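Note that this is a predicted model, so its numbers are computed, not measured. We use all heavy atoms of the structure for the numbers below, so side chains are in, but hydrogens, waters and symmetry mates are not. Lettering follows sequence order; numbering is per chain, from 1.
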Number of protein chains: 2
Amino acid sequence: MICNSYKSFFKILADDCKLNVINILSKGPLTVSELCKKLECEQSRISHCLQALKKFGFVASQVKGKHRVYSLEPKIMVPLLKLIDEHVEKYHRNLCKCNGVTWREMK
Amino acid sequence: MICNSYKSFFKILADDCKLNVINILSKGPLTVSELCKKLECEQSRISHCLQALKKFGFVASQVKGKHRVYSLEPKIMVPLLKLIDEHVEKYHRNLCKCNGVTWREMK
DNA sequence: CTCTTATATGAATTACATATCATATGAACC
DNA sequence: GGTTCATATGATATGTAATTCATATAAGAG
């Protein structure tokens, strides 16, 4: 096991903003400004997230005039999300207690 | 998508110590003190990691006298690690740059 | 029931990623 | 080339989780 690669893999995805981007892109490709509008989120924040996701192969991008269209890489994301769904369903109670609550408070 | 559950899922696993524990447990069950020795790691640190992993269903434990034996939950971990291996192999170069280097430095 | 070994828990500090703000690049249109 | 719109990048501040150290619990041995 290449431990640091695993860590990077998980770290990138352990973030609300990036997960929201992934979620919304799973419904179809969007430009940066469209993502900002739909997620009611700052442009620079979205861009930072997209760069990280792209660097690690979770999304792809394509220039289209002034705009840049981002799309999910389904090969990794579809089976990954499916797998987690199954686990999340089982451990929903524990996993959900993290909602806006710090790790320590939830104990 | 239950975003916060996903976030929790990834956050737990985005950690060297927990990943080392998972890696070593994938070779077979061990007690806390055995894990400490093999990983050359403090006992309290290992225990904290194990509690987190257990709470979210990644490992199970069993009392055995004074000791407590921990083992992987293979149903989730085996397919998860397999999936990531495939992705990691493809994006190894990017994923590896994180080795002991902060996110900012690696750019 | 005391002592030792094994593990868990709590609190405080440290470390690190993200959010934010300011600014840079880049493309189209004039 | 200058202007405007779209996106990317950089630096710092902020927030949160991990590490650490001290201590608590728990189980077996004597």
Side-chain angles (χ1 to χ4, degrees), chain A residues 3-4 7-21 29-56 59-71 95 97-107, chain B residues 3-4 7-21 29-56 59-71 95 97-107:
Chain A
C3 202
N4 278 285
K7 184 173 133 190
S8 307
F9 183 99
F10 290 121
K11 196 159 271 179
I12 305 290
L13 295 172
D15 178 67
D16 279 330
C17 190
K18 300 200 192 90
L19 287 171
N20 283 327
V21 166
L30 289 173
T31 67
V32 176
S33 46
E34 285 168 334
L35 281 167
C36 291
K37 249 184 228 162
K38 294 213 178 192
L39 294 174
E40 297 178 345
C41 195
E42 263 197 311
Q43 179 268 318
S44 67
R45 193 178 168 194
I46 295 287
S47 270
H48 279 297
C49 288
L50 286 168
Q51 298 325 302
L53 289 171
K54 190 182 175 187
K55 173 163 287 201
F56 292 93
V59 305
S61 77
Q62 199 186 1
V63 177
K64 201 173 184 183
K66 269 194 286 191
H67 297 260
R68 191 171 283 259
V69 180
Y70 282 86
S71 56
L95 289 161
K97 280 184 189 151
C98 289
N99 270 2
V101 175
T102 70
W103 179 242
R104 238 163 286 109
E105 287 171 323
M106 71 170 275
K107 289 194 184 170
Chain B
C3 204
N4 278 285
K7 185 174 131 187
S8 306
F9 182 100
F10 290 121
K11 195 158 272 178
I12 305 290
L13 296 171
D15 178 68
D16 279 330
C17 191
K18 300 201 191 90
L19 287 171
N20 283 327
V21 167
L30 289 173
T31 67
V32 176
S33 47
E34 285 169 335
L35 281 166
C36 290
K37 247 183 229 162
K38 294 211 178 192
L39 294 174
E40 297 176 346
C41 196
E42 263 197 311
Q43 177 267 317
S44 66
R45 192 178 170 194
I46 296 287
S47 270
H48 280 297
C49 287
L50 286 169
Q51 301 324 304
L53 290 171
K54 191 183 175 188
K55 172 163 288 200
F56 292 94
V59 305
S61 77
Q62 198 185 1
V63 177
K64 201 174 184 183
K66 268 195 288 190
H67 297 260
R68 190 172 282 260
V69 181
Y70 282 86
S71 56
L95 288 162
K97 278 183 190 155
C98 289
N99 270 2
V101 175
T102 70
W103 178 241
R104 235 162 289 108
E105 287 170 325
M106 70 171 274
K107 287 191 187 171

(request) Please determine, for the side chain of B/Cys49, which listed nucleotide (D/dT19, D/dA27, D/dT20) has the closest atom? (result) D/dT19
(request) Assess whether one donor atom and one acceptor atom, taken from the side chain of B/His67 and the base of D/dG28, lie less than 3.5 Å apart. (result) no
(message) Any N or O donor-acceptor pair under 3.5 Å from the base of C/dA8 to the side chain of B/Gln43?
(response) yes
(request) Evaluate whether the aromatic ring of B/His48 and the six-membered ring of the C/dT9 base sit under 5.5 Å apart, centre to centre, with an inclination under 30°. (result)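 Stacked: ring centres under 5.5 Å, planes under 30°.
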For atom [atom1] of [X] and atom [atom2] of [N], their distance in whole Å:
X: A/Arg68; N: D/dT9; atom1: CZ; atom2: P; answer: 9 Å
X: A/Asp15; N: C/dC16; atom1: CG; atom2: C1'; answer: 13 Å
X: A/Leu50; N: D/dT9; atom1: CG; atom2: C1'; answer: 14 Å
X: B/Ile46; N: D/dT20; atom1: CD1; atom2: P; answer: 11 Å
X: A/Gln51; N: D/dT7; atom1: CD; atom2: P; answer: 11 Å
X: B/Asp16; N: C/dC16; atom1: CG; atom2: P; answer: 10 Å
X: B/Lys7; N: D/dA17; atom1: NZ; atom2: P; answer: 7 Å
X: A/Gln62; N: D/dT7; atom1: CD; atom2: C1'; answer: 16 Å

(request) May I ask you to evaluate whether A/Lys18 reaches the phosphate of C/dA17, defined as a side-chain N or O under 4.0 Å from OP1 or OP2? (result) no
(message) Measuring to OP1 and OP2 of D/dA6, would you say a side-chain N or O of A/Tyr70 lies under 4.0 angstrom away?
(response)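 The answer is no; no side-chain N or O of A/Tyr70 sits under 4.0 Å from OP1 or OP2.
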Out of curiosity, [X] [atom1] to [Y] [atom2], how far, rounded to the nearest 0.5 Å?
X: B/Tyr70; Y: B/Glu34; atom1: OH; atom2: CD; answer: 13.0 Å
X: B/Lys37; Y: B/Gln43; atom1: NZ; atom2: CD; answer: 13.0 Å
X: A/Arg45; Y: A/Leu39; atom1: CZ; atom2: CG; answer: 9.0 Å

(message) Taking the nucleotide of DNA chain C with the nearest heavy atom to each, does A/Cys17 or B/Ser61 sit closer to the 5' end?
(response)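 Nearest-nucleotide comparison on DNA chain C picks B/Ser61.
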(message) Given B/Cys41, which partner from the list B/Ile46, B/Asn20, B/Leu35 fulfils the side-chain contact (heavy atoms from CB on, under 4.5 Å) test?
(response) B/Ile46
Within the structure provided, determine whether [X] and [Y] are in side-chain contact (heavy-atom separation under 4.5 Å).
X: A/Leu50; Y: A/Ser61; answer: no
X: B/Ile12; Y: B/Lys18; answer: yes
X: B/Leu19; Y: A/Phe10; answer: yes

(request) Check each residue of residues 30-42 of chain B for a non-hydrogen atom within less than 4.0 Å of any atom in DNA chain D, then write out the ones that pass by number, or none. (result) B/Glu42
